[in-house]
2 protein chains.
Amino acid sequence: MFQTTVLVVYGQIIMSTNDSTQTKILDAAEFLFAERGFAETSLRTITSRAKVNLASVNYHFGSKKSLIQAVFDRFLQDFTLQLSIRLNELEQEPASELKAEVLLGALIDPLLSLNKTRKNAVSIFMRLLGRAYAETQGHLRRYVTERYGHVLVRFTHLFQKGYPGLTNDQIFWRLHYMLGSLIFTLAGSDALRQISEADFNRSLEVKDVIQEMVPFLAAGMKA
Amino acid sequence: MFQTTVLVVYGQIIMSTNDSTQTKILDAAEFLFAERGFAETSLRTITSRAKVNLASVNYHFGSKKSLIQAVFDRFLQDFTLQLSIRLNELEQEPASELKAEVLLGALIDPLLSLNKTRKNAVSIFMRLLGRAYAETQGHLRRYVTERYGHVLVRFTHLFQKGYPGLTNDQIFWRLHYMLGSLIFTLAGSDALRQISEADFNRSLEVKDVIQEMVPFLAAGMKA
DNA sequence: AGTTGTTTGAAACATACGTTCAAAACAAGA
DNA sequence: TCTTGTTTTGAACGTATGTTTCAAACAACT
């Protein structure tokens, strides 16, 4: 008794809406979690925004903690699927082809493609990642790394193959730096703006921000 | 009625302890806030760790929100003071001297000097900054930027002077990237480790991590 | 020793939260 | 239409939280 619309072009899902209770909850939850944080968002706020009953969260997801995991799963399933397709291709390439720009592309393209599924999905996803990363204490990070960590390991191996002159330590940390720039910048691209002055004429498109970032990160990688 | 010990060498405060209730609360609060987050840390947990009465938080700081601000103030007063001394010097220098390594040093040295005041102060401070940054919604970021933003503006101007070939937009974003790497890396240097494999032999000292980061960031700045 | 202003202490308050429950509403098949 | 399994609903429960209150303890000064 809910409405589902799926727009498919040349076999690819371009946009889909799903008015089921579960989807309405996930949509409201991911927005509010990204906006305010996990602890700061109550189930009542979520169900109120989703226009569903409070009890339906526990009925469909079991608990608030499981809802948070479900929000991440929806993003990470899409993302890691696309990423591992790219990794499969790159793992066939010779080391000479594994330059930073190429490897970053394998990360960024799947990321940007998320915006095809939901509005502002990339910003929301990055904010959620930033928050999950801050949750040193919680079980969320453990859950994410246990479930999706193997993809990042493959990504690391490609960098090691492409940059044999760097030690494993250097690779590890530089990947760390790059992730930091990416998540930090995309999570709060509207944030640091108010720190600086107003006389900047910045392009706000996520795509442009990332495009601007690639040469910066690639240069650092070659340092 | 409380004990204060200040160790001064050649006119500089090397280490100081202060057993007043306010200090005990601040010490416990900054540790727990960094560890678990603001919302996830209750006043009862704080006062229990600090071994003071629950009501003393509201007596000395007014509210939990004000306590959070006070925690930041204690860090930022130390840090921005040291930073602005360095900025004063650098603002006298010719543009040719304002290279990325030098400017980053003006940021990093005051940062590292925080570890002289309290144990693990740098890591704690960076985690707090990461959390404050994630708090898009809250008033915390507004408070910090209104009170200490002018120092960052001066820092931005120095970069513009040192790198006249870059547009203001590029400067702005690249500073953004650098901050992301810095905060992200230092806030969770023990975090991404478990994602990757165990066969890395990483140095864990904050100082070393930062030292390793400078060439990476400087190369990006020159890209 | 007595007075005054400050700090601490134990208890209580009101509120917001995640979760549970049982009844009602609904959908689908016999 | 009756039955069965699923979903939605409104209300309630227990608990944890930030804050307030007011009396007791304390420190400094005369």
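No hydrogens, no waters, no symmetry mates; every other heavy atom, side chains included, goes into these values. Below, chains carry the letters A, B, ... as their sequence lines are ordered, and counting in each starts from 1. Predicted model only: the values in this text are computed from it and were never measured.
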(message) Go through it in stages, so that I can follow the logic: the residues are B:L83 and B:R154, the test is side chain to side chain contact (heavy atoms under 4.5 Å, CB included), and I'd like the CA-CA distance, side-chain angles, deciding distance and then a yes or no.
(response) CA-CA 10 Å; B:L83 175 58; B:R154 289 172 64 195; over 6 Å; no
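Contact annotation: A:S42 reaches the phosphate of C:dC17 (side-chain N/O to OP1 or OP2, under 4.0 Å). When the side-chain nitrogen and oxygen atoms of B:T21 are compared with OP1 and OP2 of C:dT8, one or more of them lie within a distance under 4.0 Å.
Heavy atoms of A:T41 sit under 4.0 angstrom from primed sugar atoms or phosphate atoms, though from no base atom. Note on B:T45: nothing from the nucleic acid sits closer than 4.0 angstrom, heavy atoms only.
In this structure, the ring of A:F184 has its center no less than 6.0 angstrom from the ring center of B:F184.
Counting heavy atoms from C-beta outward, B:I183 and B:F125 have side chains that stay 4.5 Å or more apart.
Taking OH of A:Y177 as the start and CE of A:M221 as the end, the distance is 10.5 Å to the nearest 0.5 Å. Here the NE2-OG1 distance, from B:H176 to A:T185, works out to 5.0 Å after rounding to the nearest 0.5 Å.
The interatomic distance linking B:L43 (CG) with C:dA12 (P) rounds to 20 Å, in whole Å. Here C:dC17 presents its C1' atom at 6 Å from CZ of A:R44, a figure rounded to the nearest Å. Rounded to an integer number of Å, the gap from A:I46 CD1 to C:dT19 C1' is 14 Å. Distance, B:L32 CG to D:dT17 P: 12 Å, rounded to whole Å.
Salt-bridge check for B:R74 with B:D27: passed, with a basic side-chain N closer than 4.0 Å to an acidic carboxylate O.
Listed by residue number, B:N53, B:A55, B:Y59, B:H60 are the residues of residues 50-65 of chain B with a heavy-atom contact under 4.0 Å to DNA chain C.
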